[in-house]
Amino acid sequence: MSRLDYSIKNIKYGYIASIVNALAGFVTRTIFIKTLGTDYLGVNGLYANVLGMLSFAELGIGSAMNYSLYKPVANGDKEKIKSLMYLYKKAYRFVTLIIFAIGIAIVPLISYVIKDAGELSHDELVTYYLIFLFNTSVSYLVSYKFSLSNAEQKNYIQTNINTVGKIIINIAQIFVLLIWRNYFAFLLTQSIVQLLQHVFTVYYFDKYYPLLKEKNILPLSKEEKKPIVKNIKALILHNLAGVAVYQTDNILISSFISLSVVGIVSNYLMIIAFGTSLVSIIFNSVVSSFGNLIATESIEKQHKTFRTYRFLAFWIYGLTAILFYILLTPFVTLWIGADKTIGNSVVALLAVNYYITGQRNALLIFRNAAGAYSNDKYVAVVEAIVNLIASIFLGKYMGLTGIYLGTIISGLVSALMRPVIIYNDLFKISSKEYYKDACFFIVVLLLPTIALRTIQKYIFTKPSIATLIFLGFLVLIIVNLTIIITTRKREEYQQIKMIIEEKVFKRILPSKRKSTK
């Protein structure tokens, strides 16, 4: 199979997984809100952030691992693969111990990060946290195995295993909520199913990748470990900075405002996360193919591919950001009530942050595929420092709006600094075109956003299912037409158009002709 064929297969299974998981998750959350309330929902969001902070212990081993495996997998170097996987197995066992130890040390701090826990007692909060900690820690014992299949561009294996596990978890949790209405049982159900999923993962990889069970493994030499260690050192800074930027918002909301607000915001974030998962499938599914591309093609071919990839990111992330801005609050109002909504300014900031993150990820995914972690490591540190200072200061005086405004400010710092370094490092050219395109893309997206917000404000004032659907179609039509009209002469647009015609239409149309005979 070609790189594009693998990418298409990964995207196909990724979309099936996202849609199924989203539907199951949506039903579960709706029942959760009706049976347990927003305080428990806030606990879910807060602990997800706290445990996300502990992911810094992973130290970037996963990303360094994927990059190191691309070449030996492409060359069929069985002995090198065995040596690398054995190293990663040992590393992840150590990571599991570190995460669990730090997680236990955080227990005394729980009462300090929750301003208003409602009816939940301190003992309950600690118990729920320990279950979250157990789930997070144990997952690292088997997650490293997926690196081998991902390096083979078979990301769909991980997608399918995780999807089946999540479906079973959601079904079991819905049953628990309807019968017992008990949050402890809700969490315990997830732990049991995840343990069974981990057992299956071990069985699957031992069966289909028997080299993982072989004992005659040669340890890597110091020279072979050197680039891996270098990447991990750089990724330590990237991961620590990522934690400070992405895993602190709920903690700040809980500290400055209340746990119930964390729960209310988490409803918006769940919907955005669903949209992100659908969009990310397109981009994450080509990471392995990019690794192969970078290992085998010229810099000019790499740059041309990146430009097309980034243009696609502008289009898809821009379109979905506007959909979120226009439709989120009406949807939440119809779903669980107007009393569970947040202000329009916060929704706008969430949409802007989503777009900035999407554009940054397009750059970082290409960087990760190239294994170029070192040169921009200090950008991540600056971004983290700016985020913490800005979010804490603005959050104290502006509340929820200030916390997310601080996150956006830090994202802009990264957006301004990182392209210079990565362009010089990967493509050996000036990054002027990147900034020029970024400004152009923003103008293109602002035009339909202003028009759509005006229409919504003065015409569709009362949310209903009919107006929600109509507004959705209006966003799709106006935004896509604007992008097509303003970019149709660009090389990237023509490249995407050609790929769609060759890989989609030519596969569908012949089958239709055959079926009519």
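- Of the possible polar contacts, none joining the Ser391 side chain to the Leu388 backbone as a donor-acceptor pair under 3.5 Å is found.
- Atom CG in Leu120 sits 5.5 Å away from atom CG in Leu125 (nearest 0.5 Å).
- A pairwise comparison of heavy atoms in Leu36 and Asn182 identifies CD2-N, 4.3 Å as the closest pair.
- The closest donor-acceptor contact from the side chain of Ser414 to the backbone of Ser410 lies at 3.5 Å or more, if one exists at all.
- Rounding to the nearest 0.5 Å gives a distance of 11.0 Å between CG of Asn160 and CG of Asn155.
- Looking only at distances, a side-chain donor or acceptor of Thr189 sits under 3.5 Å from a matching main-chain atom of Ala185.
- Counting only distance, with no hydrogens or angles, the side chain of Asn387 and the backbone of Glu383 share no donor-acceptor pair below 3.5 Å.
- Taking the six-membered ring for Trp, Phe393 and Tyr397 have ring centres closer than 6.0 Å.
- Put simply, the side chain of Ser254 never gets that close to the backbone of Asn250: no donor and acceptor are under 3.5 Å apart.
- Put simply, CD1 on Ile272 and CG on Leu328 are 5.0 Å apart, with the number rounded to the nearest 0.5 Å.
- With sequence neighbours left out, Ser137 forms a side chain to side chain contact (heavy atoms under 4.5 Å, CB included) with Thr96, Ile99, Phe100, Leu133.
- Between Phe274 and Phe26, the gap from one ring centroid to the other reaches at least 6.0 Å.
- For the residue pair Thr329 / Tyr268, a side-chain donor-acceptor distance below 3.5 Å is found, with atom types taken as modelled.
- Side chains of Phe200 and Ile161 form a contact here, defined as non-hydrogen atoms less than 4.5 Å apart.
- Checking each of Leu259, Asn267, Val262 against Leu41 for a side-chain contact (heavy atoms from CB on, under 4.5 Å) leaves exactly one that passes, namely Asn267.
- The six-membered or imidazole ring of Tyr92 lies away from that of Tyr88, with a centre-to-centre distance of 6.0 Å or more.
- Counting heavy atoms from C-beta outward, Phe186 and Tyr183 have side chains that approach closer than 4.5 Å.
- Taking OH of Tyr355 as the start and CD1 of Ile316 as the end, the distance is 12.0 Å to the nearest 0.5 Å.
- The distance from atom NZ of Lys396 to atom CG of Leu252, rounded to the nearest 0.5 Å, is 13.0 Å.
- Under the 3.5 Å distance criterion, with hydrogens and angles disregarded, no donor-acceptor pair is assigned to the side chains of Asn44 and Ser266.
- Between the side chain of Thr341 and the backbone N or O of Ala338 there is at least one donor-acceptor pair closer than 3.5 Å.
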>> Set out, in order, the CA-CA distance, both residues' side-chain angles and the distance that settles side-chain contact (heavy atoms from CB on, under 4.5 Å) for Glu124 and Tyr40, then state yes or no.
In response: CA-CA 11 Å; Glu124 286 180 293; Tyr40 284 102; 3.8 Å; yes
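- Between the Tyr325 side chain and the Val347 main chain, no donor and acceptor come within less than 3.5 Å of each other.
- Contact annotation: the side chain of Ile110 approaches that of Tyr129 to within less than 4.5 Å [non-hydrogen atoms, C-beta and beyond].
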> Yes or no on side-chain contact (heavy atoms from CB on, under 4.5 Å) for Leu141 and His198, after CA distance, side-chain angles and deciding distance?
Replying inline: CA-CA 8 Å; Leu141 291 174; His198 296 332; over 6 Å; no
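- Remark: side-chain polar atoms of Tyr13 are not paired, donor with acceptor, to backbone N or O of Ile157 under 3.5 angstrom.
- Asn353 contributes atom CG, which lies 11.5 Å from atom CD1 of Ile409 (distance to the nearest 0.5 angstrom).
- In this structure, Thr467 and Gln456 have side chains that are not in contact, with every pair of non-hydrogen atoms separated by 4.5 Å or more.
- A 4.5 Å side-chain heavy-atom check between Lys154 and Tyr156 finds at least one atom pair inside the cut-off.
- Side-chain atoms of Thr276 and Tyr354 form no donor-acceptor pair, as typed in the model, at a separation below 3.5 Å.
- The number of heavy-atom neighbours closer than 6.0 Å to CD1 of Ile465, taken from other residues, nucleotides and ligands shown, is 12 or below.
- A 4.5 Å side-chain heavy-atom check between Val265 and Asp249 finds every atom pair outside the cut-off.
- Under the 6.0 Å cut-off for aromatic ring centres, Tyr47 and Tyr128 do not qualify, their centroids lying 6.0 Å or more apart.
- For Phe205, the ring-ring contact (aromatic ring centres under 6.0 Å, His included) criterion is met by Phe146, Tyr209, not counting sequence neighbours.
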> Can you check side-chain contact (heavy atoms from CB on, under 4.5 Å) on Ile408 and Ile356, steps first, answer last?
Replying inline: CA-CA 8 Å; Ile408 289 175; Ile356 293 174; 3.9 Å; yes
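- Here the side chains of Ile16 and Thr159 are not in contact, with every heavy-atom distance at 4.5 Å or above.
- Remark: Glu214 engages Lys78, Lys82 in a salt bridge (Lys or Arg N to Asp or Glu O under 4.0 Å) (not counting sequence neighbours).
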